[in-house]
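All values below come from the heavy atoms of this structure, side chains included, with hydrogens, waters and symmetry mates left out. Count residues from 1 along the sequence. As the structure lists them, so they are numbered: ligands from 1, and atoms in each ligand from 1.
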Amino acid sequence: MLNIVLFGPPGAGKGTQAVKLVNKYNLVHLSTGDIFRANIKGETALGKLAKSYMDKGNLVPDQVTISMLEAEVDKNPKANGFIFDGFPRTTPQAEALDKFLSSKNTTITKMLALDVENDELIKRLLERGKDSGRADDLDTAIIANRIKVYNEQTAVVADFYAAQNKFEKIYGVGSVEEIFNRLCKAIDKQIVSN
Ligand code: AMP
């Protein structure tokens, strides 16, 4: 299986690139943010709970997020592999994912981290907020909190994969196609060496 964690701060381009990668490598795209938003739209209990955190730019609690993610993986027993987008966002989530995948005799192949400077992130998020319909992209205070949460709780997840020699930084500025080519190069290199 090819299991990629697509990593990076909010606005780094994970969602855009994930869609292209799943098509090229025939993978299943699991975006925890998208799944939460679908639950909010469907007015489920999970959506209601998630919304109270998302509206402030805070993380949804680990246990809720981990259970949801595991259920989504289980819905795709025939998958060639997964692109995890926006997950794991904390070390406990990364540990839970490792344990869960190893119970299925698979593992994370690689974490690819999109690297984009702060000013560019804020610019992109505000631009996206104009038509994404996402409340958390419209307010500069919420955007600032999301970046703060990323730096304080999520950035450290890179160390978890670096310790396993699975971490690779990819420069996330340029055209969508340029960035996609950089990601594909890193993945192809990995496929050859496996
Ligand atoms: P995203 O679409 O990845 O930007 O996520 C939007 C929001 O969903 C985040 O700001 C969090 O509130 C919540 N969220 C998404 N993924 C996770 C996760 N792995 N852990 C906790 N909260 C998450």
message: Counting only heavy atoms from other residues, nucleotides and ligands, does the tally under 6.0 Å from CD of Glu43 exceed 12?
response: no

- prompt: Identify the closest protein heavy atom to atom 22 (N) of ligand 1: which residue and atom is it, and at what distance?
  reply: Val60 N, 3.0 Å

- line: Nearest non-hydrogen contact to atom 12 (O) of ligand 1 from the set Asn58, Asp85, Leu59 belongs to Asn58

query: Which residue supplies the protein heavy atom nearest to atom 9 (C) of ligand 1, what is that atom called, and how far is it?
result: Arg89 NH2, 3.8 Å

statement: If you scan protein heavy atoms around atom 23 (C) of ligand 1, the nearest is Phe36 CE1, 3.8 Å

statement: A student checking ligand 1 against Arg37 at a 4.0 Å heavy-atom cut-off should list atoms 2 (O), 6 (C)

- prompt: Donor-acceptor pair, Lys75 side chain versus Ala71 backbone, under 3.5 Å?
  reply: no

- line: Applying ring-ring contact (aromatic ring centres under 6.0 Å, His included) to Phe84 and not counting sequence neighbours gives Phe82

task: Show your working on side chain to side chain contact (heavy atoms under 4.5 Å, CB included) between Asp34 and His29 and close with a plain yes or no.
output: CA-CA 10 Å; Asp34 284 353; His29 179 199; 4.3 Å; yes

statement: Under 4.0 Å between heavy atoms, the region of Met68 that gets near ligand 1 turns out to be neither

field: Any donor-acceptor N/O pair, Thr109 side chain to Asn3 backbone, under 3.5 Å
entry: yes

query: Judging by distance only, is a nitrogen or oxygen of Thr32 under 3.5 angstrom from one on ligand 1?
result: yes

- request: Note the single closest protein heavy atom to atom 13 (C) of ligand 1, along with its residue, its atom name and the distance in Å.
  value: Met54 CG, 3.7 Å

- request: Determine, considering heavy atoms only, which of Lys14, Gln153, Arg134 sits nearest to atom 4 (O) of ligand 1.
  value: Arg134

- request: Verify salt bridge (Lys or Arg N to Asp or Glu O under 4.0 Å) between Glu120 and Lys123, making sure each step is shown before the conclusion.
  value: CA-CA 5 Å; Glu120 173 72 15; Lys123 201 177 90 190; 3.4 Å; yes

- request: Check side chain to side chain donor-acceptor pair (under 3.5 Å) between Asp98 and all other residues, then give those that pass, not counting sequence neighbours.
  value: Gln164

